Amino acid sequence: MLGRNYWFFALLAAMAMTSCDFLTRELPSEPVARVNDSYLFKEDLTNLIQPNTSAEDSILIVTNYINRWATQQLLIDQARLNLSESQLATYDQLVDDYKADLYTKGYKNAVVSNQLDSSITAQTYQQYYEKNKESFVLKERLLKLRYIYVGTEFNDTDKVSEDLKEFDAEAKEALEEIAFQFKRYYLNDSTWVRQDALLSEIPLIAVKTNAEKLKKSNFVRLQDSIGVYLIQVQDALEKGDDAPLEYVRPTIQQIILNKRKLDLIKKLEADITKDAIKNNDFEVYQ
């Protein structure tokens with residue numbers, strides 16, 4: 001326990017932090033709690049409480065924070081007393097390494113975010129795709145398709161089937177007008193989708209004989225106990241085929257941007273070292 005002063009200062013800090021003045025003015029170094037030679041100051045608590053937090057909640061938040069801080073400080077002090085010098089030195093080095101790593105990564109990320117050119121032309125995508133085509137081989141079957149799922153009570157499946165097959169401007173408009181009657185539908189046939197990903201939408205695809213019907217330009221009608229799937233396959237690619245550029249475009253984008261980031265970081269590291277040597281800020285003693 002930290003004694004009566006602990007509760008007094010906790011309450012004082014919590015109540016003070018509910019005022020806007022407390023959140024905006026510069027605070028003196030007034031201690032709130034002490035553990036051995038370590039102190040927790042009022043300004044260490046300034047970001048704990050949101051302006052609209054009630055006094056009761058503020059007290060609870062501050063109390064819990066001080067308790068956690070006290071427990072941590074006590075454990076640290078015990079560690080310093082009970083761990084060997086070599087163990088402490090190892091942990092101190094890990095802390096220093098971690099701090100240095102955070103600083104350097106933070107600075108590199110700031111430079112990259114300011115200087116990275118994230119625009120990629122269609123020509124760049126095409127060139128990278130052609131140069132690395134052997135890396136983009138399909139590991140799953142892809143489909144371009146549109147489908148509509150209607151209940152068994154729906155009595156106009158023939159007309160819907162014809163519109164789904166035709167799918168010109170007039171047919172598309174006709175389908176959209178009655179789409180509220182469909183249980184589910186998907187009409188974006190310009191995008192490649194994995195056949196496996198369709199299983200949650202069209203469970204009947206899991207049946208091998210049904211899956212075999214999903215061929216390019218095929219119209220497929222599948223029925224379960226509560227409805228009918230009307231499926232028009234526009235295109236299909238098999239496992240082992242070359243992946244289409246539009247399908248792997250996000251992957252290519254990530255690869256290109258990652259390479260640009262690495263190039264920027266390498267240049268930064270080279271330039272900062274070269275400048276330090278030039279300005280006599282970096283020397284290696286023989």
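What you see is a predicted model; the values in this text were computed from it and never measured. Values below: all heavy atoms of this structure, side chains included; hydrogens, waters and symmetry mates excluded.
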Side chains of [X] and [Y]: closer than 4.5 Å at any heavy-atom pair?
X: Q195; Y: L214; result: yes
X: L187; Y: F167; result: yes
X: I148; Y: V160; result: yes

Determine, for E238 against R141, whether the closest basic-nitrogen to carboxylate-oxygen distance falls under 4.0 angstrom.
-> yes
Any side-chain donor paired with an acceptor under 3.5 Å for [X] and [Y]?
X: Q93; Y: D97; result: yes
X: D224; Y: Y149; result: yes
X: N132; Y: S135; result: no
X: Q50; Y: T53; result: no

Minimum heavy-atom distance between [X] and [Y], given as atom pair plus value:
X: V137; Y: G240; result: CG1-O, 3.4 Å
X: I66; Y: L40; result: CG1-CD2, 3.8 Å
X: L237; Y: P244; result: CD1-CD, 3.5 Å
X: K215; Y: E212; result: CE-O, 3.1 Å
X: I226; Y: K183; result: O-CE, 3.7 Å
X: S118; Y: L257; result: CA-CD2, 3.7 Å

Take K144 and D235 through the salt bridge (charged side-chain N to carboxylate O under 4.0 Å, His left out) test and state the conclusion after the steps.
-> CA-CA 5 Å; K144 280 185 177 181; D235 206 349; 5.6 Å; no
Y229 and its side-chain hydrogen bond (donor to acceptor under 3.5 Å, both in side chains) partner, picked from E201, Q223, R184, R221 | R184
Side-chain donor or acceptor of [X] paired with backbone N/O of [Y] under 3.5 Å:
X: N210; Y: L204; value: yes
X: R146; Y: K165; value: yes
X: N218; Y: K213; value: yes
X: D44; Y: F41; value: yes
X: R260; Y: L116; value: no

List the steps, then state whether salt bridge (charged side-chain N to carboxylate O under 4.0 Å, His left out) holds for K259 with D263.
-> CA-CA 6 Å; K259 184 179 184 306; D263 289 344; 3.1 Å; yes
How long is the straight-line distance from [atom2] of [Y] back to [atom1] of [X], given to the nearest 0.5 Å?
X: Y125; Y: E246; atom1: OH; atom2: CD; value: 13.0 Å
X: Q181; Y: L175; atom1: CD; atom2: CG; value: 11.0 Å
X: E43; Y: E30; atom1: CD; atom2: CD; value: 9.0 Å
X: N36; Y: R34; atom1: CG; atom2: CZ; value: 6.5 Å
X: E162; Y: T157; atom1: CD; atom2: OG1; value: 10.5 Å
X: E153; Y: N155; atom1: CD; atom2: CG; value: 9.0 Å

So Y128 and F136, would you call those rings parallel, tilted or perpendicular, with 30° and 60° as cut-offs?
-> tilted
Going through the distances and angles, do Y91 and V95 end up as a side-chain contact (heavy atoms from CB on, under 4.5 Å)?
-> CA-CA 6 Å; Y91 293 136; V95 170; 5.5 Å; no
Can you list the steps and then say if Y129 with D242 is a side-chain contact (heavy atoms from CB on, under 4.5 Å)?
-> CA-CA 10 Å; Y129 175 75; D242 290 337; 4.3 Å; yes
How about E170: does its CD atom have over 12 heavy atoms from other parts shown lying under 6.0 Å from it?
-> no
Start with the C-alpha distance between L222 and V207, add both sets of side-chain angles, then the distance that settles side-chain contact (heavy atoms from CB on, under 4.5 Å), and finish with yes or no.
-> CA-CA 11 Å; L222 303 176; V207 180; over 6 Å; no
